[in-house]
Amino acid sequence: MDLAALLNEAQHRAVTHGEGPLLVVAGAGSGKTRVLTYRFAHLVRDRGVDARSILAVTFTNKAAREMGERIRGAIGGTAGTLAIGTFHGFGARFLRREAALAGLDPAFVIYDTDDQERLLRDTIKEIGIPHASWTPGALRSRISALKGQLLTADEAPAEKPQDQVIRRAYAEYERRLRERNACDFDDLLLWPVRLLRDDENVRERWCGRYAHLLIDEYQDTNGAQHELVRGLATPPWNVFAVGDEDQSIYRWRGARIGNILEFEETFPGTAIHRLEQNYRSTGRILAAANAVVQRNRSRRPKTLWTERGDGERIVLACAPTDLGEGRWIAREVQELIRGGMRPGDVALLYRTNAQSRALEEGFRRAGVPYVIVGGLRFYERREVKDLLAYLRVLVNPRDDLSLVRAIGAPPRGIGEKTLERLRGLAAERGVPVALALLLAGELAGVRAATARALVDLGDLLDRLRARLAVEPAAAIARQIIEETGFVEALRAEGGPEAASRIENVQELVSGMQEFAERTNDASLTEYLTEVSLLSDVDAWDDGIGRVSLMTLHNAKGLEFPVCFITGVEEGLLPHPMSMEGDGDLEEERRLFYVGLTRAKDRVFLTRAATRLRFGGRIDTLPSRFLREIPAELIDDAGRSATSSVEWFPRGPAGAGGGGPRDEERAGAPARADAAWESEPILDANGREAELRIGERVRHPVFGDGLVLGTSGHGETLKVTVEFGWAGVRKLFAAFASLQRIG
DNA sequence: ATTTGGGTTGTTTTT
DNA sequence: CAACCCAAAT
């Protein structure tokens with residue numbers, strides 16, 4: 001392994017760094033993964049470090065898997081299990097070992113967002129949360145934010161009146177989690193950190209167990225993850241962190257750029273290495289990305305460079321409608337494929353999952369193979385969760401939430417009343433709810449048939465539990481499906497979805513089988529943990545020869561020869577919902593930056609002049625970020641300006657039954673250049689108040705609102721504004737006397 | 001207890 | 001324009 005030949009100078013210096021903390025500031029496409037991989041291999045091969053004493057943390061399981069393969073390739077296949085995974089994956093392993101100290105049994109289950117909200121729904125009802133405005137979702141995210149900062153219910157702020165509500169809900173939620181032998185995503189980080197801080201024995205077991213910590217995407221770590229790194233590290237602090245503040249896009253879920261900006265303070269004596277040579281993108285793509293991100297103020301100066309040629313210009317395209325955007329892209333992709341590109345080389349990136357619908361339509365029509373990464377997650381689908389609920393109850397009979405799910409799928413005619421009695425019986429006898437099923441015959445006031453159904457279920461679970469140790473999960477699942485008539489019940493539901501639900505069930509069972517073969521481990525707990533922590537990208541099979549559609553967030557860390565960034569509009573990118581606080585616009589800009597830097601050779605920026613949103617069709621304006629790209633990098637002469645008709649087909653044929661409304665609107669906004677400029681809006685006094693989508697405005701009657709879009713021109717120009725209590729309204733700009741507010 | 005219907009609601013990104 | 005939640009009917 002000749003590192004000097006495999007790496008550039010900066011990479012080589014980072015990889016061969018000696019003892020002590022190191023921060024690698026690695027720009028997009030600068031060989032970050034390469035550096036991490038060779039660092040690992042270098043430690044093992046050249047420095048004699050035991051591979052088992054290195055912990056590598058990546059952002060996704062997929063990245064972990066790929067890194068593991070490359071490392072094995074570099075150090076020879078003899079290495080055993082390598083400790084490479086995500087923060088949450090590591091946390092789960094940690095917590096299984098130390099479960100008792102966290103008040104859990106090692107067979108605990110991990111609740112996902114949906115489970116958490118179900119739990120909170122009951123909690124809200126029972127403890128009587130005063131303000132009706134508290135939805136389970138709102139409470140969940142507040143509790144999650146507190147946990148991300150390592151705060152318990154007692155330690156949470158208690159200043160404002162709403163703080164009391166949150167504290168009470170948090171405390172009760174925690175109690176219920178424990179009662180069900182369950183934890184949530186945040187607990188997987190929080191408990192390890194807490195135990196490392198407070199428990200001498202835990203420290204003895206885990207501190208220094210890893211002589212080297214390799215952490216990827218450090219800019220997106222939250223408070224708890226940062227503390228976990230701190231808690232695991234010991235002198236001489238061999239923490240090898242890689243990150244890029246320009247790619248921090250998870251501030252909204254608690255990521256602290258501060259962790260990377262203050263890395264040196266956390267780990268005194270930190271050496272910093274910078275990787276600025278980009279190996280991925282063409283000169284023009286890189287120049288555009290640099291120009292955009294340089295507008296951000298909260299960053300350290302850095303300019304990526306490349307030895308690749310200029311490459312093609314960035315193409316701008318504006319279609320008349322969102323459906324038209326998809327069709328235009330599909331055609332363009334067909335064109336690229338004719339030119340020798342493969343479908344798998346192309347990615348469509350968007351800000352919101354909802355955009356995939358319209359894009360998909362274009363691809364379906366054109367017959368171009370595509371795959372959607374993310375969106376409705378497989379393991380979050382109802383039928384999948386229903387079947388998994390049986391397995392979860394099997395390993396953890398205290399999981400009341402999953403038991404309720406299992407009882408209801410297929411429906412057994414058992415409702416709240418009976419469940420309450422069952423819970424009461426379980427509590428009285430001091431047994432887990434699932435085990436109380438067998439005693440259902442003793443329930444007072446329950447009809448014989450109902451009790452029978454409960455006992456039958458209890459009996460099924462009982463028999464399966466006995467086979468758990470000797471039979472693979474897939475066989476157990478098949479037995480459940482067969483005995484409960486799971487598939488028949490789905491079929492009986494009918495509807496267009498039934499067939500796909502049944503398919504999903506079958507896919508789930510093959511997935512279990514595949515897991516057992518791949519990991520050589522039939523443990524149901526392991527399987528359930530894995531599926532709980534699977535991310536969208538983990539489930540994505542690249543190289544499958546299809547165009548990939550995904551959110552900009554999911555695209556982090558990936559690269560494609562051709563990228564289409566779609567919906568480059570005000571109201572979408574940047575997204576108004578994310579622009580409430582300071583620095584939020586900068587995060588949206590970084591998201592755009594991440595999108596641009598995914599591309600190796602070609603970038604297409606597309607938008608729709610009108611889009612279906614909020615139940616109506618609204619006109620859109622180009623994203624402000626477009627103006628930040630130097631004009632000479634953009635191809636506007638050939639495409640957008642002169643050939644809009646040809647490029648943006650109109651009428652029934654092109655608009656596909658969009659009707660006269662589509663046609664009528666298609667002409668104007670598609671005329672390229674003008675459509676990329678924002679239009680002035682006149683207020684009541686005839687003054688030009690240039691409103692932009694996403695801006696906040698004040699109306700004399702409706703109060704403050706958010707500009708969502710405009711339609712019409714001149715005197716008939718209307719503005720769509722979302723007001724608080726007054727809802728979404730279309731107003732004539734000339735009469736509305738809207739005022740911009742700070 | 002479940003189903004159906006109405007009305008409401010809300011629409012960002014995710015481990 | 002969904003999807004979704006809740007309430008009344010069967």
Side-chain angles (χ1 to χ4, degrees), chain A residues 57-64 85-92 110-114 116-117 121 125 135-138 140-141 144 147-148 184-189 217 220-222 224-225 248-255 349-355 357-358 373-377 379-380 382 407-408 410-419 446-447 449-450 453 493 529-539 550-556 567 571-580 584 587-588 590-592 594-595 611-618 694 706 708 722 727-728:
Chain A
V57 181
T58 58
F59 200 66
T60 63
N61 293 297
K62 184 179 161 64
T86 63
F87 271 110
H88 288 91
F90 173 78
I110 301 165
Y111 277 4
D112 67 12
T113 308
D114 178 62
Q116 294 178 56
E117 290 182 8
R121 223 187 314 274
K125 268 191 208 127
T135 63
R140 189 199 54 80
S141 82
S144 176
K147 285 187 165 188
D184 61 24
F185 289 131
D186 299 306
D187 286 328
L188 298 177
L189 307 171
E217 309 277 14
D220 279 325
T221 53
N222 68 13
Q225 291 166 332
S248 166
I249 54 176
Y250 284 104
R251 217 178 63 142
W252 56 272
R253 70 165 196 209
L349 310 178
Y350 37 81
R351 177 69 229 271
T352 67
N353 282 306
Q355 289 168 253
R357 264 272 234 71
V373 182
L376 267 187
R377 279 209 197 56
Y379 290 101
E380 285 173 13
R382 192 198 50 151
I407 288 177
R412 288 181 170 83
I414 286 152
E416 202 48 50
K417 228 173 27 206
T418 313
L419 282 171
V446 172
R447 281 190 317 202
T450 309
E493 274 176 32
T529 303
E530 170 161 304
V531 303
S532 297
L533 300 179
L534 230 40
S535 74
D536 288 335
V537 175
D538 295 332
M550 67 183 85
T551 62
L552 288 160
H553 283 91
N554 273 333
K556 188 166 88 150
L572 222 41
L573 183 67
H575 200 293
M577 293 302 282
S578 71
M579 294 203 289
E580 269 138 30
D584 287 344
E587 178 145 314
E588 293 291 299
R590 287 193 293 271
L591 206 44
F592 186 46
V594 165
R611 192 176 285 280
L612 283 175
R613 262 185 115 185
F614 302 98
R617 185 167 288 284
I618 60 163
L706 191 66
L708 296 174
E722 181 185 36
V728 177

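Here is how names work: the chains are called A, B, and so on, in the same order as the sequence lines, proteins then strands, and each is numbered from 1. Here the structure is a predicted model, which means the values were calculated and not measured.
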| query | Roughly how many Å is it from CG in A:Leu188 to C1' in B:dT15, rounded to a whole number? | reply | 9 Å
| message | Among residues at least two apart in sequence or on other chains, which ones pass ring-ring contact (aromatic ring centres under 6.0 Å, His included) with A:Tyr250? | response | A:Phe59, A:Trp252, A:His553
| query | From the list B:dT14, B:dT15, B:dT12, which nucleotide is the closest neighbour of the side chain of A:Asn353? | reply | B:dT14
| query | How would you label the contact of A:Ser532 with the nucleic acid (heavy atoms, under 4.0 Å): base, sugar-phosphate, or nothing? | reply | nothing
| field | Distance in angstrom units between A:His575 NE2 and B:dT14 C1', rounded | value | 15 Å
| What residues form a side-chain contact (heavy atoms from CB on, under 4.5 Å) with A:Thr58, not counting sequence neighbours? | A:Ala63, A:Ala64, A:Met67, A:Ile84
| task | Output yes when at least one side-chain N/O atom of A:Asn554 is less than 4.0 Å from OP1 or OP2 of B:dT13, else no. | result | no
| request: Whole angstrom is fine here: how far is it from NZ in A:Lys147 over to P in B:dT14? | output: 21 Å
| query | Which residues satisfy the side-chain contact (heavy atoms from CB on, under 4.5 Å) test with A:Asn61, sequence neighbours excluded? | reply | A:Thr86, A:Leu534, A:Asp538
| Within the structure shown, what part of the strands sits under 4.0 Å from A:Arg590 by heavy-atom distance: base, sugar-phosphate, or nothing? | nothing
| field | Separation of atom CZ in A:Arg253 from atom P in B:dT13, rounded to whole Å | value | 13 Å
| query | Over how many whole Å does the gap from A:His553 atom NE2 to B:dT15 atom P extend? | reply | 11 Å
| message | Whole angstroms only, please: what is the CG-C1' distance between A:Leu612 and B:dT11? | response | 13 Å
Any N/O pairs under 3.5 Å between the protein and nucleotides 1-4 of chain B? List them or say none.
| from | atom 1 | to | atom 2 | distance (Å) |
| --- | --- | --- | --- | --- |
| B:dA1 | OP1 | A:Gly415 | N | 3.1 |
| B:dA1 | OP1 | A:Thr418 | OG1 | 3.3 |
| B:dT2 | OP1 | A:Gly413 | N | 2.8 |
| B:dT2 | OP1 | A:Ile414 | N | 3.4 |

| said: Distance check needed: B:dT11 C1' versus A:Gln355 CD, whole Å only. | reply: 12 Å
| salt_bridge(A:Asp184, A:Lys147) N-O dist < 4.0 Å | yes
| Is the ring of A:Tyr250 stacked on the base of B:dT13, with centres less than 5.5 Å apart and planes under 30° off? | no
| Rounding to a whole Å, what distance do you find between A:Phe59:CZ and B:dT13:P? | 15 Å
| Check: A:Ser532 main-chain N/O paired with A:Asp112 side-chain donor or acceptor under 3.5 Å | no
| field | Results of ring-ring contact (aromatic ring centres under 6.0 Å, His included) for A:Phe592 - residues two or more places apart only | value | A:Phe625
| said: Taking donor-acceptor contacts at under 3.5 Å, does the side chain of A:His88 reach the base of B:dT15? | reply: yes
| request: Look at the side chain of A:Thr352 and decide which nucleotide, out of B:dT14, B:dT12, B:dT15, has an atom nearest to it. | output: B:dT12
| Excluding sequence neighbours, so at least two apart, what forms side-chain contact (heavy atoms from CB on, under 4.5 Å) with A:Thr529? | A:Ala92, A:Arg96, A:Ile110, A:Thr525, A:Leu533
